[in-house]
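Counting starts at 1 for both ligands and their atoms, in listed order.
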Amino acid sequence: MADPFTLPPLPFADTALAPVISANTLGFHYGKHHKAYVDNLNKLVAGTDFADMDLETVVKKAGSNAGVFNNAAQIWNHTFYWHSIAPGGGAPSGKLAAAIDAYGGLDKLKADLGDAAKTQFGSGWAWLVSEKGKLAIQKTGNADTPMARGVKCLLTIDVWEHAYYLDYQNRRPDYVGAVIDKLLNWNFAAENFAKG
Ligand code: MN
């Protein structure tokens, strides 16, 4: 039988995000780390009920099964991150632009997202989320994800060291600042905001 979970393709060429994120970083981050989560999850779920669930359901139902939760959530988080960044970035539009105005403006939102990404202690993620139509910033540790709690995610930034160490070494704030200024995919955020 085929493995239930697969590594989705990157939505851009591995050279497309340079110089903010190099092809070298993507080669390890996508080709090694993201792939390993997929390989690990397939081994862990073989012969279990999880093998028949979609990935979001696995994340929500994994409960105290830390191996399944960590690998499933990391697959989902990484796929979401690859879509949260794009060459050229773009600008918020439509209902999302109005929600950003209600939040306090794009500069404030970017500053708050940056603070969350820089201050997440250790490995984790910074998130732009929507709670009942209102924008909010969250940060999570390790594999944890707001999606597990049914929160609608709009964008994320990976702040595990493997996301930036080859390009920025210990300078996480430089990586975070460059991603926010140059790569955030506001079209993806708008699509997520418009859903259900
Ligand atoms: Mn990562």
Side-chain angles (χ1 to χ4, degrees), residues 3 5-45 55-56 58-60 62 65-87 89 110 113-129 137-149 151 153-185 188-189 192:
D3 285 330
F5 300 102
T6 55
L7 180 66
L10 275 182
F12 38 70
D14 67 0
T15 54
L17 305 182
V20 178
I21 298 173
S22 69
N24 189 32
T25 288
L26 288 172
F28 283 95
H29 196 179
Y30 171 76
K32 304 291 185 190
H33 291 277
H34 194 177
K35 180 178 186 300
Y37 298 126
V38 175
D39 293 343
N40 289 340
L41 185 65
N42 281 322
K43 284 182 197 145
L44 287 168
V45 302
L55 186 64
E56 281 198 35
V58 173
V59 171
K60 290 174 177 170
N65 190 329
V68 168
F69 177 83
N70 287 335
N71 285 284
Q74 283 294 78
I75 298 170
W76 192 90
N77 290 347
H78 280 88
T79 302
F80 197 84
Y81 170 62
W82 304 133
H83 288 87
S84 295
I85 51 181
K110 285 180 172 180
L113 181 61
D115 284 346
K118 292 169 201 168
T119 60
Q120 166 57 33
F121 186 78
S123 297
W125 303 82
W127 303 86
L128 174 64
V129 304
I137 305 294
Q138 294 190 5
K139 53 185 176 180
T140 58
N142 298 316
D144 192 20
T145 176
M147 182 274 281
R149 294 172 283 282
V151 174
C153 300
L154 306 186
L155 291 174
T156 194
I157 302 173
D158 188 343
V159 297
W160 284 57
E161 285 187 345
H162 66 222
Y164 58 86
Y165 219 84
L166 294 175
D167 294 331
Y168 299 85
Q169 293 75 50
N170 60 317
R171 292 176 282 115
R172 188 197 286 189
D174 291 356
Y175 154 75
V176 168
V179 167
I180 289 175
D181 283 343
K182 299 193 170 79
L183 296 185
L184 283 183
N185 185 348
F188 181 61
N192 290 324

For the residue pair Y175 and Y165, is the inter-centroid distance of their aromatic rings smaller than 6.0 Å?
->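 Ring-ring flag for Y175/Y165: false, centres at least 6.0 Å apart.
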
Does the gap between the ring centers of H29 and W82 come in under 6.0 Å?
->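 That pair passes the under 6.0 Å test.
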
Under the salt bridge (Lys or Arg N to Asp or Glu O under 4.0 Å) rule, what do D144 and R149 come out as? Steps first, then yes or no, please.
-> CA-CA 10 Å; D144 192 20; R149 294 172 283 282; 3.1 Å; yes

Which atom of D158 approaches the Mn ion (ligand 1) most closely (N/O/S) =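 Checking each N, O and S atom of D158, the shortest distance to the Mn ion (ligand 1) belongs to OD2.
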
Which single N/O/S atom of H162 lies at minimum distance from the Mn ion (ligand 1)?
->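 H162's closest N, O or S atom to the Mn ion (ligand 1) is named NE2.
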
Find out whether D158 and W125 are in side-chain contact, i.e. whether some heavy atom of one side chain is under 4.5 Å from a heavy atom of the other.
->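 Yes, close enough: below the 4.5 Å cut-off.
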
If the Mn ion (ligand 1) is the vertex, what is the angle to NE2 of H78 and NE2 of H29, rounded to 10 degrees?
->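 Value, to the nearest 10 degrees: 100°.
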
